Visitor: 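Following this message is one structure expressed as structure tokens.
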Amino acid sequence: MAKTIVILGAGLAAAPLIRQLMRTLVLTRKDLKMVVVAPNSHFYWPIAIPRVMVPGQLADDKVMFPWDSIFGQYPADKFEFVLGKATALDPSAKTVTVALGEAESTRSVSYHTLVIATGASAKDNMPWKLLDTAEKTSERLHSLQSDIKDAKTIVVAGGGATGTETAGELGFEYAKSGDKDVYFVHGDTLPLAPPVLASVRKQARAELDKLKVKVIANTTVTKVSRTGRDTVLELRHADGSTRTLTAQAYIPATGVTPNTSFAPASMLDGRGYIKQTGRLTAEGFDDIFVMGDAGNLEASKAQAAEAQAKHLIKALPVHLDGGKSPGYTAQTKETVAVTLGRSRGAGQMGSLRLFSLLVWYAKGRFLGTNYAPLYAAGKKTMMTTFEK
């Protein structure tokens, strides 16, 4: 009887794993089959979304790639794509319940080996990650672009990499020329956060100042309300004082929530992430592997998802042959590259600060859109090109 590998999710973590397991394992053995379950019809390239937000910069087809053209190459007896969302996991029965598309019907999918790569969702219904469907994601992006195009005042909230990059993109396009006011509200003294070096954080702030972005530090957005075309934001400063700020475009980048509601509560930590072992398995389950933003071993970063994918490409064949999968070495060296407009950047590798020009050259020129189609097809990651 065939062993079925079920992969939940088809994002940054899963895409290279799907192709490499199919190419090197499933298609070469009679006893294996793969089923991929994902709620969306397209691969999504989230790294470029801060630039997509700027009207006219990047079209949808630079960041969205249909699965049918990618998965259609695999024979039906060896591969199946299920368009749906996992709603329940029963580890004892080795089954996943899937709600199918927009319909109310469900399907039970059995597995021999399960890989959970369901990722995370951005808060505030923001398309930093895929929404329920590619269509809804595209609609939301276009709505935000329309708000930005018509706005006189734009507010970006959230001092992480996404918020910082978005403030930089909008500052480059609008603020430095005086066309629009761009405000950047974040809760710390400087953008980004430790373990990012203080010198890198200062550099990011300095670049935003050059772009004439109006930075409001040590401040959080406590309330958002709409009045006609305006969005009224209530801000609270670290000293307890408050103020209001009115904008026509509001771009929150305030974090993510893991897509793990289908998993039993006993598998989750206090933040809702699946508890991972040092072998990338779910605690207590040697037949369930976890990768990317759904797991709690590493921070939600593209670099971690890539490293975990490359590990499982080698580890899963060992598991499927009855062996004990090898241990995974979590990344301890902080690596970050933040674009600041379309000509500058800031970043670090370990304890070394990266030159702005290097960040621009390596990331800022294209934000990965030059190789995103290959990533979607599973032929390349950010750092590795696989055999064709």
Side-chain angles (χ1 to χ4, degrees), residues 1-38 78-79 86 89-96 109-120 258-260 262-264 266-269 273-333 378-379 381-384 386-387:
M1 187 174 181
K3 298 176 182 177
T4 302
I5 306 166
V6 174
I7 299 180
L8 303 180
L12 283 179
L17 181 69
I18 292 168
R19 180 181 186 272
Q20 296 310 310
L21 288 184
M22 286 298 300
R23 185 180 68 85
T24 64
L25 201 64
V26 177
L27 293 177
T28 64
R29 289 174 43 168
K30 294 181 179 180
D31 64 332
L32 296 177
K33 178 183 178 180
M34 180 182 291
V35 176
V36 174
V37 178
K78 302 293 286 181
F79 181 90
L89 167 61
D90 186 344
S92 60
K94 298 177 69 107
T95 60
V96 179
V109 179
S110 299
Y111 63 86
H112 170 276
T113 298
L114 178 67
V115 180
I116 298 174
T118 47
N259 298 326
T260 57
F262 63 90
S266 60
M267 294 179 64
L268 307 178
D269 67 11
Y273 292 88
I274 296 177
K275 293 177 283 188
Q276 286 171 290
T277 70
R279 294 188 298 114
L280 298 185
T281 55
E283 285 188 4
F285 302 97
D286 290 339
D287 57 352
I288 301 177
F289 293 81
V290 186
M291 61 190 304
D293 291 354
N296 71 348
L297 190 64
E298 296 182 279
S300 297
K301 291 185 176 182
Q303 297 98 322
E306 174 174 336
Q308 292 179 19
K310 289 194 286 189
H311 174 80
L312 287 182
I313 288 169
K314 297 179 180 179
L316 280 172
V318 176
H319 164 76
L320 290 163
D321 283 336
K324 185 175 182 179
S325 59
Y328 169 77
T329 303
Q331 300 181 69
T332 58
K333 183 169 66 173
K379 298 178 180 180
T381 67
M382 288 180 284
M383 301 299 293
T384 302
F386 298 105
E387 293 182 17

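Keep in mind the model is a prediction, meaning the values are calculated, not measured.
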Visitor: Indicate yes or no: at least one non-hydrogen side-chain atom of Tyr328 is less than 4.5 angstrom from one of Thr277.
Guide: no

Visitor: With distance as the sole test, does Asn296 use its side chain to make a donor-acceptor pair with the main-chain N or O of Gln276 at under 3.5 Å?
Guide: yes

Visitor: Does Lys301 have any side-chain hydrogen bond (donor to acceptor under 3.5 Å, both in side chains) partners at least two apart in sequence or in another chain, and if so, which?
Guide: Glu334

Visitor: Using 0.5 Å steps for rounding, measure from the CG atom of Leu25 to the NZ atom of Lys78.
Guide: 9.0 Å

Visitor: Under the salt bridge (Lys or Arg N to Asp or Glu O under 4.0 Å) test, which residues partner Lys33, sequence neighbours left out?
Guide: none

Visitor: Quick one: closest heavy-atom pair of Phe289 and Leu312, and the distance?
Guide: CD2-CD2, 3.7 Å

Visitor: Output side-chain donor-acceptor pairs under 3.5 Å for residues 319-327, partner residues at least two apart or in another chain, one line each.
Guide:
residue: His319; atom: NE2; partner: Thr113; partner atom: OG1; Å: 3.0
residue: Asp321; atom: OD1; partner: Arg29; partner atom: NH1; Å: 2.7
residue: Ser325; atom: OG; partner: Arg279; partner atom: NH1; Å: 2.8

Visitor: Checking Thr329 now: which residues fulfil side-chain hydrogen bond (donor to acceptor under 3.5 Å, both in side chains) with it, not counting sequence neighbours?
Guide: none

Visitor: Quick check against the 3.5 Å criterion: does Lys275 have a side-chain atom that pairs as donor or acceptor with the backbone of Ser266?
Guide: yes

Visitor: Under the side chain to side chain contact (heavy atoms under 4.5 Å, CB included) test, which residues partner Ala86, sequence neighbours left out?
Guide: Leu8, Val96, Phe262

Visitor: Quick one: salt bridge (Lys or Arg N to Asp or Glu O under 4.0 Å) partners of Asp90, sequence neighbours excluded?
Guide: none

Visitor: Kindly write out the residues that satisfy side chain to side chain contact (heavy atoms under 4.5 Å, CB included) with Pro91, not counting sequence neighbours, or none if the list is empty.
Guide: Leu89, Tyr111, Pro264, Met267, Phe285, Ile288

Visitor: CD1/Ile274 to CG/Leu297 distance, rounded to the nearest 0.5 angstrom?
Guide: 12.5 Å

Visitor: Determine, stepwise, if the pair Leu280 / His311 fulfils side-chain contact (heavy atoms from CB on, under 4.5 Å).
Guide: CA-CA 9 Å; Leu280 298 185; His311 174 80; 3.8 Å; yes

Visitor: For Gln303, which residues count as a side-chain hydrogen bond (donor to acceptor under 3.5 Å, both in side chains) partner, sequence neighbours excluded?
Guide: none

Visitor: Is Asp287 close to Lys94 at the side-chain level, that is, under 4.5 Å between some pair of heavy atoms?
Guide: yes

Visitor: Can you see which heavy atom on Ile7 is nearest to which on Ala14, and at what distance?
Guide: CG2-CB, 4.1 Å

Visitor: Evaluate the side-chain proximity of Leu21 to Met34: yes if any heavy-atom separation is below 4.5 Å, no if none is.
Guide: yes

Visitor: If every non-hydrogen atom of Ala10 is compared with every non-hydrogen atom of Val36, which pair is closest and at what distance?
Guide: CB-CG1, 4.3 Å

Visitor: State the OG1-CE distance between Thr281 and Met291, to the nearest 0.5 angstrom.
Guide: 13.5 Å

Visitor: If the condition is side-chain hydrogen bond (donor to acceptor under 3.5 Å, both in side chains), which residues does Ser300 pass it with, not counting sequence neighbours?
Guide: none

Visitor: What's the shortest heavy-atom distance between Gly295 and Tyr273, and which atoms?
Guide: O-CD2, 3.5 Å

Visitor: Please determine whether side-chain contact (heavy atoms from CB on, under 4.5 Å) holds for the pair Leu316 and Val115, giving the CA-CA distance in whole Å, both sets of side-chain angles, and the decisive distance to 0.1 Å.
Guide: CA-CA 10 Å; Leu316 280 172; Val115 180; 3.9 Å; yes

Visitor: Could you grab the distance from atom OG1 of Thr95 to atom CG of Leu114, nearest 0.5 Å is fine?
Guide: 10.0 Å

Visitor: Restricting to non-hydrogen atoms, name the atom on Ala294 and the atom on Thr118 that form the minimum distance, rounded to 0.1 Å.
Guide: CB-OG1, 3.7 Å

Visitor: Can you list the residues that meet the salt bridge (Lys or Arg N to Asp or Glu O under 4.0 Å) rule with Lys310, with sequence neighbours excluded?
Guide: Glu306

Visitor: Decide yes or no on side-chain contact (heavy atoms from CB on, under 4.5 Å) for Val37 and Val35, but give the supporting numbers first.
Guide: CA-CA 7 Å; Val37 178; Val35 176; 4.2 Å; yes

Visitor: Can you tell me if Glu298 and Gln308 form a side-chain donor-acceptor pair at under 3.5 Å?
Guide: yes

Visitor: Please find the pair of heavy atoms, one from Pro16 and one from Ile313, that lie closest to each other, and give the distance.
Guide: O-CD1, 4.0 Å

